[in-house]
Amino acid sequence: PSVSAGARRPCTLPWATVARAYGRFKLPISEARQMRLLSALDPLAVGTTSPLPEKHPVSERLFWGDQEPLSKIRFVSLAYHEQMVSSCHFCVEDTKILSGSYDCTVKLWDAVDGVVIRNFEPGPRAPVLECSITADSKRIIAASYDKTVRAWDLETGKLLWKIKHDNFIVSCKLSPDGKYVVSALDVDFGICIMDAVNATTVSHVKDLHKRSVTACCFDHDSQKVASVSSDRTIKIWDVMSQATLLTITKAHTNSISNCCFTFSGHFLCTSSWDKTLKIWDVHTGEFRNRGACVTLMQGHEGSVSSCHFARDASFLVSGGFDKTVAIWDVGEGCRKFSLKGHSDWVMDVAISNSKKWILSASKDKTMRLWNIEEIDQIPLVIEYKKAKGLKVTQCEGCDRPFSIYESDTSVETFTKCVFCRMDARHSSADVASTSLEREDSLANGDSKCKDD
C-alpha cells in the first residue's frame with residue numbers, strides 16, 4: 001500500500017547499534033532462564049498442570065563422601081559473619097567457638113545454641129587473618145591486615161594490649177601455656193616471638209626463610225615453633241636457645257599453606273598447594289638425615305589450606321579450596337571421609353577435644369559444625385572400608401585406634417600404628433648407630449693398648 005506524504009517512515013537502525021543496545025540491557029543468563037520459566041506458568045489456571053522445565057542431559061559424576069544424600073551427617077550452619085571466615089577454634093571445653101573474619105570482627109559463639117555471645121571490642125579496622133586461644137581458654141589474640149595484634153580476656157572481653165608491626169602479619173599463634181605469641185611476618189621472611197603478658201619482644205628472627213612465611217605454630221610444650229613458607233621449606237625454631245633445630249628443604253612441590261603439631265610434639269603435619277598433606281617426624285635426630293615422612297594424597301582436588309590433628313592423633317582433618325573437609329585415617333594414610341556442603345573455599349578447620357565435632361570456616365561467610373560421633377556407623381564408610389579391605393584395631397604401643405588392611409600379613413602392621421612404627425624404626429637406627437660408636441671406641445681403645 002502507498003504511504004501518504006504526511007506519514008512518518010519507521011526509523012531503521014544499523015544492526016551494530018541494535019546489538020550494542022541489547023548487550024547493555026540484556027538480562028543475566030540465570031534471570032533470563034527464570035523469566036522464560038515464569039512466562040510459561042499461568043497463575044489463573046488453578047486446575048491445570050504447570051509445564052515442567054526442559055531437562056538437559058548432564059554427565060553424572062559421583063563423589064565418594066557426598067554426605068547430603070548418602071551419609072546424613074548432622075551439621076549446624078553458623079552464618080552471622082558478613083565476609084569470609086578466616087579462622088575458627090573450639091574453646092572452654094568445647095562449649096564455645098572462636099572465629100575471625102574478613103568483616104573485621106572476632107566473635108565468641110555458643111556451640112550448643114549457635115548464637116553469638118560477644119564481639120570483641122575495640123576490634124581491628126581491617127580484615128582478621130587469624131585468631132588463636134590459650135589451652136586454658138583464658139586469653140585470645142587476633143592478627144589483622146592493619147599490621148596489628150590484639151589480645152583480649154575471653155571471660156570479660158576486655159582488651160589487654162595491642163601492638164603494631166612494621167610489616168604485614170600472615171599468621172599468629174598463642175603458645176598453649178599462654179606465655180608467648182608468635183607472628184609470621186611477610187616482608188621479613190621470618191617470625192617474631194613476644195611475651196604474651198606485656199607484649200615485649202623475646203626474639204625477632206629475620207630471613208628465616210627465603211620467601212614469605214605462610215604459617216607458624218607452637219608445639220604442645222610451648223618450647224618449639226614450626227614455620228612453613230612459600231619457599232617449600234619447614235623450619236623448627238627453639239624458643240629457649242633461639243636457634244634453628246631442624247630445616248627440611250623441598251618438603252613439598254608447591255607452597256606450604258599450613259602446619260600443626262601432634263599433642264606429643266613428635267610429629268608435624270604440613271598442608272600444601274600441591275594438593276597433599278605430609279606427616280613428618282621431628283622428634284628423632286636420625287630423621288634429619290633421612291627425611292622420611294608419610295604422604296596423604298588423593299583427598300582434595302585443589303590446594304589444601306588447613307590441617308588439624310585430633311588430640312590423640314587418631315585422625316587428621318584438612319580443609320581445601322575444593323570446598324570440602326577431609327577426614328584422614330592417620331594410621332594407614334588414607335582418606336576416611338569427605339564432608340561437603342560449603343559453597344566456597346574452606347579456610348580453616350578444628351576438632352573438639354571430645355573428637356565428636358569438626359568445625360570448618362569458609363569463604364562462603366559461614367562456619368559449619370559437623371557431628372562425626374557416629375561416623376564409623378555410616379553405611380557409606382562401612383562400604384568404603386569393605387571395598388578397601390580395612391578393619392579397625394587398637395595399637396599395642398599407644399592404644400590409638402587405627403585401620404589396617406585385612407589382607408596384610410605383617411605382624412607389626414596388625415599390632416602398631418604408623419607413629420609407633422616410625423618410632424620403632426628410628427629407635428632401632430639409633431641403637432645401631434650407638435653400637436657402632438661403641439665398637440669404634442673399643443677398637444680405638446685396643447689399638448691404644450697395643451701401642452702402649
Side-chain angles (χ1 to χ4, degrees), residues 30-31 34 63 65-133 137 140-145 150 152 154 157 258 300 302-308 317-327 337-352 354 356-373 375:
S30 59
E31 293 185 19
Q34 185 178 6
F63 287 97
D66 187 356
Q67 81 286 344
E68 293 176 355
L70 296 174
S71 58
K72 298 183 175 62
I73 283 190
R74 292 180 297 164
F75 69 89
V76 178
S77 183
L78 309 176
Y80 285 97
H81 280 292
E82 297 177 358
Q83 294 293 334
M84 176 179 78
V85 187
S86 56
S87 185
C88 62
H89 298 275
F90 284 100
C91 58
V92 195
E93 298 179 350
D94 300 338
T95 61
K96 303 292 187 294
I97 292 172
L98 181 69
S99 66
S101 169
Y102 272 36
D103 62 7
C104 309
T105 64
V106 180
K107 298 180 185 292
L108 184 67
W109 307 67
D110 189 302
V112 179
D113 299 330
V115 297
V116 177
I117 301 174
R118 175 182 293 118
N119 283 313
F120 289 92
E121 301 289 349
R125 297 182 179 179
V128 176
L129 285 162
E130 192 167 19
C131 57
S132 181
I133 190 166
S137 298
I140 69 166
I141 60 168
S144 59
Y145 270 119
R150 289 172 169 83
W152 293 273
L154 182 70
N258 216 322
H300 290 280
S303 301
V304 188
S305 61
S306 52
C307 54
H308 196 280
V317 172
S318 62
F321 289 176
D322 59 358
K323 311 174 189 178
T324 68
V325 178
I327 304 174
F337 202 71
S338 183
L339 303 173
K340 299 178 182 179
H342 282 293
S343 60
D344 214 325
W345 298 350
V346 177
M347 305 302 298
D348 197 14
V349 289
I351 305 173
S352 65
S354 65
K356 296 179 180 179
W357 299 90
I358 287 176
L359 184 64
S360 57
S362 173
K363 193 180 177 183
D364 64 8
K365 308 177 187 179
T366 70
M367 291 187 294
R368 283 203 175 195
L369 190 60
W370 312 84
N371 188 331
I372 60 166
E373 188 174 2
I375 190 172

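Any value given below was found using the heavy atoms of this structure, including those in side chains, with hydrogens, waters and symmetry copies removed.
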For this session: Please list, chain by chain and in numerical order, all residues satisfying side chain to side chain contact (heavy atoms under 4.5 Å, CB included) with Lys96, sequence neighbours excluded.
Result: Cys91, Val92, Leu108, Ile117

Exercise. Atom OG of Ser354 and atom CD of Glu373: how far apart are they, to the nearest 0.5 Å?
Worked result: 7.5 Å

Exercise. Val85 versus Thr366: any side-chain heavy-atom pair under 4.5 Å?
Worked result: no

For this session: Starting from the C-alpha separation in whole Å, work towards a yes-or-no answer on side chain to side chain contact (heavy atoms under 4.5 Å, CB included) for Met84 and Met347.
Result: CA-CA 9 Å; Met84 176 179 78; Met347 305 302 298; 4.0 Å; yes

Exercise. Taking only residues two or more places apart in sequence or in another chain, which ones pass side chain to side chain contact (heavy atoms under 4.5 Å, CB included) with Pro124?
Worked result: Val128, Ser144, Asp146, Arg150, Trp152

For this session: May I have the step-by-step check of side chain to side chain contact (heavy atoms under 4.5 Å, CB included) for Ser305 and Phe321, ending in yes or no?
Result: CA-CA 7 Å; Ser305 61; Phe321 289 176; 3.5 Å; yes

Exercise. Looking only at atom types and distance, does a side-chain atom of Arg368 sit under 3.5 Å from a main-chain N or O of Phe75, one as donor and one as acceptor?
Worked result: no

Exercise. Shortest non-hydrogen contact from Val325 to Val349?
Worked result: CG1-CG1, 4.2 Å

For this session: For Thr105, check side-chain hydrogen bond (donor to acceptor under 3.5 Å, both in side chains) against everything at least two apart and list the hits.
Result: His81, Asp103

Problem set entry | Minimum-distance pair of heavy atoms, taken over all atoms of Pro127 and Cys104 | N-SG, 3.7 Å

For this session: Any side-chain hydrogen bond (donor to acceptor under 3.5 Å, both in side chains) involving residues 115-130? Give me the pairs, sequence neighbours left out, ordered by first then second residue.
Result: Lys107-Asn119, Glu130-Ser171, Glu130-Lys173

For this session: Could you list the residues that satisfy side chain to side chain contact (heavy atoms under 4.5 Å, CB included) with His89, not counting sequence neighbours?
Result: Ser87, Leu98, Cys131, Ile133

For this session: Rounded to the nearest 0.5 Å, what's the gap from CH2 on Trp370 to OG on Ser352? Could you check?
Result: 15.0 Å

Seminar exercise, completed: Distance col, row Ser338:OG vs Asp322:CG, nearest 0.5 angstrom, shows 7.0 Å

For this session: Would you please name every residue forming a side-chain hydrogen bond (donor to acceptor under 3.5 Å, both in side chains) with Ser362, sequence neighbours left out?
Result: Asp364

For this session: Report yes if some heavy atom in the side chain of Ile141 is under 4.5 Å from a heavy atom in the side chain of Ser132; otherwise report no.
Result: yes

Exercise. Taking only residues two or more places apart in sequence or in another chain, which ones pass ring-ring contact (aromatic ring centres under 6.0 Å, His included) with Phe90?
Worked result: none

Exercise. Ignoring hydrogens and geometry, is there a side-chain-to-backbone donor-acceptor pair from Thr324 to Leu339 under 3.5 Å?
Worked result: no

For this session: Grab the two heavy atoms, one from Ala350 and one from Cys88, that are nearest each other, plus how far apart they are.
Result: CB-O, 3.9 Å

Exercise. Any side-chain heavy atom of Val76 sitting closer than 4.5 Å to one from Leu78?
Worked result: yes

Seminar exercise, completed: Nearest heavy-atom contact between Ser99 and Trp109 is OG-NE1, 2.7 Å

For this session: Check side-chain hydrogen bond (donor to acceptor under 3.5 Å, both in side chains) between Tyr80 and all other residues, then give those that pass, not counting sequence neighbours.
Result: none

For this session: Identify the two heavy atoms, one from Val346 and one from Lys323, that lie closest to each other, and give their separation to 0.1 Å.
Result: CG2-C, 3.7 Å

For this session: Go through the steps to decide whether Leu369 and Ile97 satisfy the test side chain to side chain contact (heavy atoms under 4.5 Å, CB included), and finish with yes or no.
Result: CA-CA 10 Å; Leu369 190 60; Ile97 292 172; 4.2 Å; yes

Problem set entry | Partner residues of Ala143 under the side chain to side chain contact (heavy atoms under 4.5 Å, CB included) criterion, sequence neighbours left out | Val149, Ile169, Cys172

For this session: Find the distance between OG (Ser306) and CG (Asn258) and round it off to the nearest 0.5 Å.
Result: 6.0 Å

Seminar exercise, completed: Taken in chain and number order and not counting sequence neighbours, the residues that satisfy side-chain hydrogen bond (donor to acceptor under 3.5 Å, both in side chains) with Ser318 are His300, Trp328

Problem set entry | Non-hydrogen atoms of Phe337 and Ile73 that approach each other most closely | CE2-CD1, 3.2 Å

Seminar exercise, completed: Trp357 meets the ring-ring contact (aromatic ring centres under 6.0 Å, His included) criterion, sequence neighbours left out, with none

